[in-house]
Amino acid sequence: QFDQAARYTIKYTATNDNGTSSRTITDYISVIEYCTPAVNIPLQSVSISRVKINTIENISGVGKNGYQDFSASLSTDLYAGVTYPIEVERDETFDKADRKVWVDFNRDGVFSANELVASDAGSNAKVLMDNVKVPDHKKFVEGPSRMRVAVGLTGNPLTPCGPVNVGEYEDYAIMLK
């Protein structure tokens, strides 16, 4: 099992009536590790209650530690050059909140500033409705990746890994095609 972030070299051997042959492929398997966001106070009024993009529609409660990783159970395909509507909803609108969505287009395990695909700031809106534009093939690496959704109390920096004082994060699996 490849559960540590690394690039793995594989060697395989095939044997049949004609003999045995071996081949080694360097860096054939790449395991990406993402940071676990830090949240000091998960709060219902500044949390994620629903995320919808393409075939994903997930309704959730506040995560135990302010972070929920749905990447093992919820995935969708995103195709080069296509724009997808996204909705990020919260239950309450009492507190002003900032929301951000990143997609790791280059599959390096880091959510960079140029991978921010949707956001709002200082909002009392229940739903962030935006569009996620997938770049053309020259600007991303095909394969399995991740989307991170974040919400935080307005006035505090909201970065992909935190820490955030009040808020919540959720991760989803994305297949870039």
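Just so you know, these numbers use all the heavy atoms, side chains as well, and skip hydrogens, waters and symmetry mates. These numbers were taken from a predicted model, which means no experiment stands behind them.
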(message) Rounded to the nearest 0.5 Å, what separates atom CE in M147 from atom OG in S71?
(response) 11.0 Å
(request) State yes or no: are the ring centers of Y34 and F111 separated by less than 6.0 Å? (result) yes
(request) Check the pair D130 / V132 against side-chain contact (heavy atoms from CB on, under 4.5 Å), numbers first and verdict last. (result) CA-CA 7 Å; D130 208 337; V132 173; over 6 Å; no
(request) Check the hydrophobic clustering (I, L, V, M, F, W, Y; side-chain heavy atoms under 4.5 Å; chains of links allowed) and say if Y79 and I53 are grouped together. (result) yes
(message) How close do T20 and T15 get, counting heavy atoms only, and between which atoms?
(response) OG1-OG1, 3.2 Å
(message) So which atom in P85 and which in N131 form the shortest heavy-atom distance, rounded to 0.1 Å?
(response) CA-OD1, 3.5 Å
(request) Find out whether L153 and N165 are in side-chain contact, i.e. whether some heavy atom of one side chain is under 4.5 Å from a heavy atom of the other. (result) no
(request) Check R99, E87, E89 against L128 for a side-chain contact (heavy atoms from CB on, under 4.5 Å) and give me the one that passes. (result) R99
(message) So which atom in M175 and which in D77 form the shortest heavy-atom distance, rounded to 0.1 Å?
(response) CB-OD1, 3.2 Å
(message) If you define the side chain from C-beta out and look only at heavy atoms, does anything of K100 sit under 4.5 Å from P160?
(response) no
(message) Would you say V82 ends up clustered with L176 if hydrophobic residues are merged whenever their side chains have heavy atoms under 4.5 Å apart, either directly or through other cluster members?
(response) yes
(message) Let me confirm one number: the OG1-CD distance from T76 to E57, rounded to the nearest 0.5 Å.
(response) 12.0 Å
(request) Before giving the answer on side-chain contact (heavy atoms from CB on, under 4.5 Å), spell out for L74 and V51 the whole-Å C-alpha distance, their side-chain angles and the decisive distance to 0.1 Å. (result) CA-CA 11 Å; L74 294 171; V51 172; over 6 Å; no
(request) Check side chain to side chain donor-acceptor pair (under 3.5 Å) between T36 and all other residues, then give those that pass, not counting sequence neighbours. (result) none
(request) May I ask whether I48 and V166 are part of the same hydrophobic cluster, defined by side-chain heavy atoms of I, L, V, M, F, W, Y residues being less than 4.5 angstrom apart, directly or through others? (result) yes
(request) Look at the side-chain heavy atoms of Ile, Leu, Val, Met, Phe, Trp and Tyr, link any pair under 4.5 Å apart, and say whether I174 and V88 land in one connected group. (result) yes
(message) Could you measure the distance from the CD1 atom of I41 to the CG atom of N65? Nearest 0.5 Å is fine.
(response) 13.0 Å
(request) Tell me whether V151 is reachable from V149 by hopping between hydrophobic residues (I, L, V, M, F, W, Y) whose side-chain heavy atoms are closer than 4.5 Å. (result) yes
(message) Could you report the tightest heavy-atom contact between G155 and D98, atom names first, then the distance?
(response) N-OD2, 4.2 Å
(request) Mind listing the closest non-hydrogen atom pair of K11 and S22 along with its distance? (result) CE-CB, 4.0 Å
(message) Ignoring hydrogens and geometry beyond distance, is a side-chain donor-acceptor pair present between N124 and T93 at under 3.5 Å?
(response) no
(message) Donor-acceptor pair, distance only, cut-off 3.5 Å: does the side chain of Q68 make one with the backbone of G61?
(response) yes
(message) Could you tell me if the side chain of K96 sits less than 4.5 Å from the side chain of S123, heavy atoms only?
(response) no
(request) Look up atom CD in E92 and atom OG in S49, then write down how far apart they are to the nearest 0.5 Å. (result) 9.5 Å
(request) Can you measure from OG (S21) to CG (N16) and round to the nearest 0.5 angstrom? (result) 9.0 Å
(request) Begin with the C-alpha distance, continue with both residues' side-chain angles, and end with the deciding distance and a verdict on side-chain contact (heavy atoms from CB on, under 4.5 Å) for I86 and V101. (result) CA-CA 9 Å; I86 186 168; V101 180; 3.9 Å; yes
(request) Describe, in one word, how the ring planes of F70 and Y172 are oriented to each other, choosing from parallel (under 30°), tilted (30 to 60°) and perpendicular (over 60°). (result) parallel
(message) Can you list everything that forms a side chain to side chain donor-acceptor pair (under 3.5 Å) with D171? Sequence neighbours excluded, please.
(response) Y67, R146, R148
(request) Report yes if the side chains of F105 and P135 come closer than 4.5 Å at any heavy-atom pair, otherwise no. (result) yes
(request) Report yes if some heavy atom in the side chain of Q44 is under 4.5 Å from a heavy atom in the side chain of D91; otherwise report no. (result) yes
(message) Taking E115's backbone N and O only, do any of them form a donor-acceptor pair with S112's side chain (distance below 3.5 Å, no angle check)?
(response) no
(message) Does K133 have more than 12 heavy atoms from other residues, nucleotides or ligands lying within 6.0 Å of its NZ?
(response) yes
(message) Contact between S45 and R90 at the side-chain level, heavy atoms closer than 4.5 Å - yes or no?
(response) no
(message) Could you report the tightest heavy-atom contact between A97 and V46, atom names first, then the distance?
(response) CB-CG1, 4.3 Å
(message) Donor-acceptor pair, distance only, cut-off 3.5 Å: does the side chain of E168 make one with the backbone of G63?
(response) yes
(request) Answer whether the closest heavy-atom distance between the side chains of D104 and F140 falls below 4.5 Å. (result) no
(request) Calculate, to the nearest 0.5 Å, the distance between atoms CD1 and OH belonging to I56 and Y84 respectively. (result) 11.5 Å
(request) Would you indicate whether the side-chain heavy atoms of N58 and R50 approach each other to under 4.5 Å? (result) no
